[in-house]
*Asks:* 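This is the structure, below, for whatever I ask next.
Counting begins at 1 with the first residue of the sequence. When a ligand or atom number is given, it counts from 1 through the structure's own listing order.
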Amino acid sequence: MAYFKILVMSIGSSFLLSACDNQIQEAEPVSSVTGLKDIYADYFPIGASLSPANLSGKDSSLIVTEFNSVTAENVMKPSPIQPEQNQFNWGPADAMVNFVEENGLKMRGHTLCWHNQVGDWMFENEEGGEVDKQTLLRRLKEHIQAVVGRYQDHIYAWDVVNEVIADEGEAWYRDSRWYQITGEEFIAKAFEYAHEADSNATLFYNDYNATNPDKMEKIVKMLTQLKEEGVPIHGMGLQGHWSIYYPSEAQLRTALETYKELGLEIQITELDISVYPGESGGRREKSADELDTFTEEMEQQQIAQYKMIFKVLRDYRDVITGVTFWNVSDAHSWLDNFPVKGRKNYPLLFDQNRERKKAYEAVIDF
Ligand code: XIL
């Protein structure tokens, strides 16, 4: 594969020189030609979620080499950005936007309406009681207007509503405070407010376990209803917190086909491949045989899983408009503390020294 050869040739040197008619042409920085983003240039942008610590040092050069899209891992979520009503903490989010602009990257916004990482103030009145529906919807609108409005020239897509479908059992929607106060109304409203704030932004619903047949059925029912009502929703975000055991190729293809039929674009918004059984929401105990080591067997399974997943994603490039990893390298993953606190995980394409893993080679070998 041509790109792979360029990649190998360029490792260790800081500039690629191209010779033509015996003349040395302009030197091009290696960082701009030899990463995942270049190999996938004809398919979809490749992104990573970042924390403020990633913006400098070793991570920043890796990011600029490998990725052309960024998501804020936490700093644009409701409580980090508006910890108290009308008190905004713009600094960390602005710094990320500056990094994105300086390096010519795309940026996705994450997330406007979620049951986690949202301040209690959102749902409470001055006496500590629960606000009524009108008040909550007004606060949601004000939050969305402020955040989407501030970054409208910099963010091309937003995860507007995150994780509102219930996991198991009969329930359709998650029993969150949003749902308890407004019923399902907050969902359509969030999309409407986001569209009012930036009519150019691509607006996503985002969820985990979105290839799981039961949950998919409920998500599809909601998306269909929203589209029928004319709600401005443009995309389905599959988080992609998967594992070496899940999903199967058939499950993944079925899910992509199903969401595609809704006429929405699709993104994988938070990709990582856990080396342990169970996905998000899964088992929360560490089992006795888990030694916190990345075994040869896990490595082989992970290589095969990454290879399969990217093959399928390439097949759906007509509807997939982005693939984003959740975190940068195995040096730090949110899965080191979720769902089991302190259990080291190895879910990404770069190892703890930020070197490309064998799974990386499998992903670019096509
Ligand atoms: C996670 C972050 O990675 C953690 O740092 C934070 O403590 C909790 O949230 N689904 C989402 C993401 O939509 O926002 C979550 O991010 C991971 C699961």
*Asks:* Tell me whether the rings of F294 and Y346 are parallel (<30°), tilted (30 to 60°) or perpendicular (>60°).
*Replies:*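 Answer is parallel, since the angle falls under 30°.
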*Asks:* Decide yes or no on ring-ring contact (aromatic ring centres under 6.0 Å, His included) for F186 and Y179, but give the supporting numbers first.
*Replies:* CA-CA 7 Å; F186 73 99; Y179 187 76; 7.1 Å; no
*Asks:* Quick one: does Q239 get an N or O within less than 3.5 Å of an N or O on ligand 1?
*Replies:*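 Min N/O separation from ligand 1 is below 3.5 Å for Q239.
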*Asks:* Looking at Y156, is R108 sitting on its ring face, NZ or CZ under 6.0 Å from the six-membered ring centre and within 45 degrees of the normal?
*Replies:*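 Judged by the rule, R108 and Y156 form no cation-pi pair.
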*Asks:* Measure the distances from the heavy atoms of Y208 to every atom of ligand 1 and state whether one is below 4.0 angstrom.
*Replies:*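 For ligand 1, residue contact (heavy atoms, under 4.0 Å) with Y208 is absent.
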*Asks:* If you take the nearest heavy atom of each of E163, H110, K77, M76, which one is closest to atom 1 (C) of ligand 1?
*Replies:*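 Among E163, H110, K77, M76, the closest heavy atom to atom 1 (C) of ligand 1 comes from K77.
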*Asks:* Ligand 1 versus T111, non-hydrogen atoms closer than 4.0 Å: side chain, backbone, both, neither?
*Replies:*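 No part of T111 is near ligand 1 at this cut-off.
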*Asks:* Heavy-atom distances under 4.0 Å decide this one: backbone, side chain, both or neither, for W114 against ligand 1?
*Replies:*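 Under 4.0 Å from ligand 1, W114 contributes side-chain atoms alone.
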*Asks:* What atoms of ligand 1 come within less than 4.0 Å of a heavy atom belonging to E270?
*Replies:*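 Counting atoms of ligand 1 from 1, those under 4.0 Å from E270 are 10 (N), 11 (C), 12 (C), 13 (O), 17 (C), 18 (C).
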*Asks:* Atoms of ligand 1 less than 4.0 Å from N162 heavy atoms?
*Replies:*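 In order of number, 11 (C), 13 (O).
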*Asks:* Parallel, tilted or perpendicular: which one describes the rings of H143 and F88, with boundaries at 30° and 60°?
*Replies:*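 H143 vs F88 ring planes: parallel.
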*Asks:* Parallel, tilted or perpendicular for F310 and F325, by the 30°/60° rule?
*Replies:*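 Parallel.
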*Asks:* Considering non-hydrogen atoms only, spot the tightest contact between H115 and S176 and give its length.
*Replies:*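 Looking at all heavy atoms of both residues, the closest pair is CB-CB, 3.8 Å.
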